[in-house]
Amino acid sequence: MDQFQDQSAAATQQPKAPSAERRWWHTATVYQVYPRSFCDSNGDGIGDIPGVTSKLDYLKSLGIDVVWLSPIYKSPMDDNGYDISDYRDIAPEFGTLADFDHLVAEARKRDIGIVLDLVVNHTSDEHPWFVESRKGPGNPFRDFYIWRQPAEDGGPPNGLMSSFGGPAWTLDTETGEYYLHMFSRRQPDLNWENPEVRQEIYRMMNWWLERGVAGFRMDVIDYIGKQVDRELVKDGPRLHEYLQEMNRETFGSHDILTVGECWSATPGSALLYSGRDRNELSMVFQFEHVTQQWDEVYGKWRPKPFDLVKLKSVLSKWQYALSDDGWNSLFWGNHDLPRAVSRYGDVAGYHGESAKMLATVLHLMKGTPFIYQGEEIGMTNVPFTTIEQYRDIETINMHRLHVEAGLSPEDFIKGANESARDNARTPMQWSAALHGGFTKGVPWIEVNTNYATINAEAAMTDERSIWNHYRKLIALRKAHPVIVYGLYQSWLDQHPDVFVYTRTLDQDRLVVIANFTPREVPLTVPSELAISGECLISNYEPVDALAVEKIDLKPYEAFAILSQAP
Ligand code: GLC
Ligand code: CA
């Protein structure tokens with residue numbers, strides 16, 4: 001018997017009937033656009049809404065159903081729009097409300113829904129609510145935010161720390177009180193315990209729903225139930241009560257997609273957020289699989305070596321936990337994470353093969369796949385050499401803190417090139433033209449130097465490109481219910497190099513096999529999986545049959561075979 005043969009109880013699990021309720025977003029594929037970096041229509045170096053509209057046909061030909069737009073609201077852009085100063089207007093550099101309405105209408109013509117980024121844990125310090133609030137106790141907006149008296153020594157009220165470095169409290173010298181900001185000091189946290197705050201947010205959400213949006217991605221939504229005085233931020237006691245209230249007062253009566261960004265989510269809490277009868281959200285983003293490599297002390301700035309057994313166990317855990325109720329989101333990357341192919345693949349040796357392998361493994365799981373812009377052409381991390389090339393507030397703050405603490409600037413840049421958020425934020429590479437065809441002006445952040453070879457125009461004309469592989473995966477999801485609803489089961493859990501799983505629904509069984517290494521790997525196929533069938537997708541020559549003997553997987557080889565369920 002193969003040493004990696006799966007002994008887990010899961011391997012004997014019997015396929016169950018799929019959940020009765022089917023929703024449109026079960027079959028959808030979502031594409032995240034980071035507007036600033038997607039397409040610049042007017043040459044000011046900043047991507048904008050007309051730029052997104054001009055690329056709808058591109059998205060349609062890829063097969064996308066939903067576009068999640070990172071924030072486009074009015075904002076001083078301290079955190080690239082995650083600091084909103086007017087929830088009902090568009091940042092001038094991105095366009096106008098008319099441009100937005102036009103985008104929604106043009107998207108609808110192509111059966112594409114627009115999902116907005118809802119940032120309601122905090123606002124900008126330039127939001128009129130905060131401008132009023134900081135005028136002092138007694139102002140009607142004082143309690144819209146979280147103000148506290150200094151500690152006895154005059155310092156911050158407690159030890160809460162900001163995600164962007166330093167204390168989460170800033171002293172307002174005018175009134176002598178501190179306000180809370182879990183992110184930059186220009187992103188004060190709203191006070192969700194105040195019912196007026198909640199009602200204002202709901203009114204705003206309804207205003208956008210009436211404009212025809214197809215859903216909301218909810219920024220750090222697991223923070224809104226916080227209890228500041230207990231230093232309890234994520235997953236606070238009133239979180240689910242607020243979400244149910246929000247659902248009732250806003251989107252509950254609309255057939256939309258909602259996804260909560262929840263770094264604290266566990267399989268247990270995900271069932272609360274996304275359970276069928278919970279009336280909260282469609283699904284959440286959990287980050288357990290993408291934080292596997294984070295260091296206990298230095299976090300993402302000093303990633304540990306990749307460990308496939310660990311990654312598989314996390315992904316499988318989530319697949320099993322939400323198999324009967326709740327729903328998974330599936331993603332490798334977003335605007336806060338490094339490029340997937342750089343982290344898990346091999347850009348130098350097997351760029352195409354590894355990017356396609358990663359896509360295959362993810363898109364054939366159960367859940368709604370999210371593609372981050374540029375992932376579909378295999379965009380890579382940045383080759384920056386100095387901190388001046390970075391734009392992200394988190395990276396700039398962390399650079400200062402780490403270098404002050406003694407880390408060499410070179411070592412910091414090395415870590416940043418692997419983990420900083422700007423890895424995902426360099427401009428979309430459309431063509432081999434100057435600046436990758438992103439802008440006719442000077443881009444706000446440098447384009448990755450590899451745009452001459454990695455770009456959408458080249459990818460679309462090459463039948464064997466990463467882009468065409470994604471296109472095929474998206475189409476397969478629409479054609480085969482087993483991909484959407486099939487029971488997930490993992491195999492060979494302890495195998496250090498290969499990921500094997502099956503999906504089963506009625507008469508169909510899909511076997512997915514992927515080599516995560518740049519080496520040839522001999523694999524003994526478990527006898528239950530030795531079948532012949534139709535190869536739905538492969539990143540080398542199609543494989544139609546598996547025999548109970550060693551097969552040699554090529555570097556980063558991945559394929560899926562559809563056959564009759566045993
Ligand atoms: C979320 C966003 C991130 C932002 C932060 C504060 O994590 O994804 O980009 O900086 O919230 O809004
Ligand atoms: Ca522009």
Side-chain angles (χ1 to χ4, degrees), residues 32-55 68-73 75-85 87 90-96 99 115-125 127 162-165 168 180-190 216-224 233-234 259-265 284-287 290-291 299-300 329 331 333-338 370 372 391-398 420-425 427-428 435 437-445:
Q32 183 190 353
V33 166
Y34 195 70
R36 201 174 188 80
S37 303
F38 192 59
C39 177
D40 174 21
S41 71
N42 62 355
D44 66 355
I46 299 173
D48 44 50
I49 292 173
V52 180
T53 309
S54 75
K55 297 298 183 186
W68 152 26
L69 273 186
S70 275
I72 36 94
Y73 317 86
S75 161
M77 300 288 167
D78 191 45
D79 184 18
N80 288 353
Y82 285 90
D83 49 318
I84 298 169
S85 56
Y87 284 111
I90 306 289
E93 55 264 67
F94 291 158
T96 62
D99 291 331
V115 162
L116 285 184
D117 212 314
L118 187 78
V119 189
V120 292
N121 171 67
H122 46 268
T123 68
S124 160
D125 62 345
H127 194 290
S162 148
S163 296
F164 292 165
L180 181 80
H181 54 88
M182 293 312 301
F183 296 90
S184 99
R185 61 178 61 213
R186 305 207 50 198
Q187 292 167 296
D189 279 47
L190 283 164
F216 297 106
R217 174 268 185 183
M218 302 185 184
D219 194 63
V220 289
I221 202 69
D222 54 345
Y223 283 28
I224 63 171
V233 177
K234 298 173 186 175
V259 49
E261 184 203 20
C262 300
W263 288 76
S264 67
V284 293
F285 290 122
Q286 58 83 17
F287 294 84
V290 290
T291 50
K300 68 179 181 182
S329 66
F331 68 95
N334 68 26
H335 64 293
D336 295 328
L337 298 169
F370 286 71
Y372 180 67
R391 296 286 175 271
D392 174 30
I393 179 169
E394 181 196 39
T395 304
I396 292 167
N397 285 355
M398 290 299 171
R421 306 197 298 180
D422 280 342
N423 285 304
R425 299 178 181 184
M428 177 70 187
H435 304 310
F438 161 72
T439 179
K440 295 223 169 353
V442 180
W444 69 277
I445 185 170

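Atoms within each ligand, like the ligands themselves, are counted from 1 in listed order. Computed from a prediction, not measured in an experiment: that's the story for all the values here.
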Given side chain to side chain contact (heavy atoms under 4.5 Å, CB included), test D219 with H122 step by step and report yes or no. CA-CA 9 Å; D219 194 63; H122 46 268; 3.6 Å; yes

So, D79 versus S184: side-chain donor-acceptor pair below 3.5 Å or not? no

May I ask you to check whether R421 has an N/O atom sitting below 3.5 Å from an N/O atom of ligand 1? yes

Show which atoms of ligand 1 fall inside a sub-4.0 Å distance from at least one heavy-atom site of F164. 10 (O)

I need the nearest protein heavy-atom contact for atom 8 (O) of ligand 1: residue, atom name and distance, please. D336 OD2, 2.4 Å

Would you mind telling me if ligand 1 is within reach of the side chain of R217, the backbone, both or neither, using heavy atoms under 4.0 Å? side chain

Kindly check if the number of other-residue, nucleotide or ligand heavy atoms within 6.0 Å of CZ (R185) is above 12? no

For R425, the ligand 1 atoms whose distance to one of its heavy atoms is below 4.0 Å: 9 (O)

Is there a side-chain contact between L69 and P35 in this structure, where contact means two heavy atoms from C-beta onward sitting under 4.5 Å apart? yes

Hey, is there an N, O or S on I46 sitting under 3.0 Å from the Ca ion (ligand 2)? yes

Short question: side chain of R217, backbone of S70 - any donor-acceptor pair under 3.5 Å? no

Atom 5 (C) of ligand 1: which protein heavy atom is closest, and how many Å away? F183 CE2, 3.8 Å

Return the closest protein heavy atom for atom 2 (C) of ligand 1 as residue, atom name and distance. D219 OD1, 3.0 Å

What N/O/S atom of D44 gets nearest to the Ca ion (ligand 2)? OD1

Could you tell me which atoms of ligand 1, counted from 1 in the order shown, lie closer than 4.0 angstrom to a heavy atom of H122? 6 (C), 12 (O)

No-hydrogen, no-angle side-chain donor-acceptor test under 3.5 Å, N80 and Y34: yes

For D40, what is the atom name of its N, O or S atom nearest to the Ca ion (ligand 2)? OD1

Do F285 and F331 have ring centroids that are under 6.0 Å from one another? yes

Which residue and non-hydrogen atom of the protein lie closest to atom 4 (C) of ligand 1, and at what distance in Å? D79 OD2, 3.3 Å

Would you please indicate yes or no on a ring centroid separation below 6.0 angstrom for H181 and F164? no

Would you check if Y73 and T123 make a side-chain contact, meaning some heavy-atom pair closer than 4.5 Å? no

Are R186 and D83 within salt-bridge range, i.e. N to O under 4.0 Å? no

Atom of D48 closest to the Ca ion (ligand 2), considering N, O or S atoms: OD2

Within the stated cut-off of 3.0 Å, is an N/O/S atom of S41 closer than that to the Ca ion (ligand 2)? no

for atom 7 (O) of ligand 1, nearest protein heavy atom and its distance come out as E261 OE2, 2.8 Å

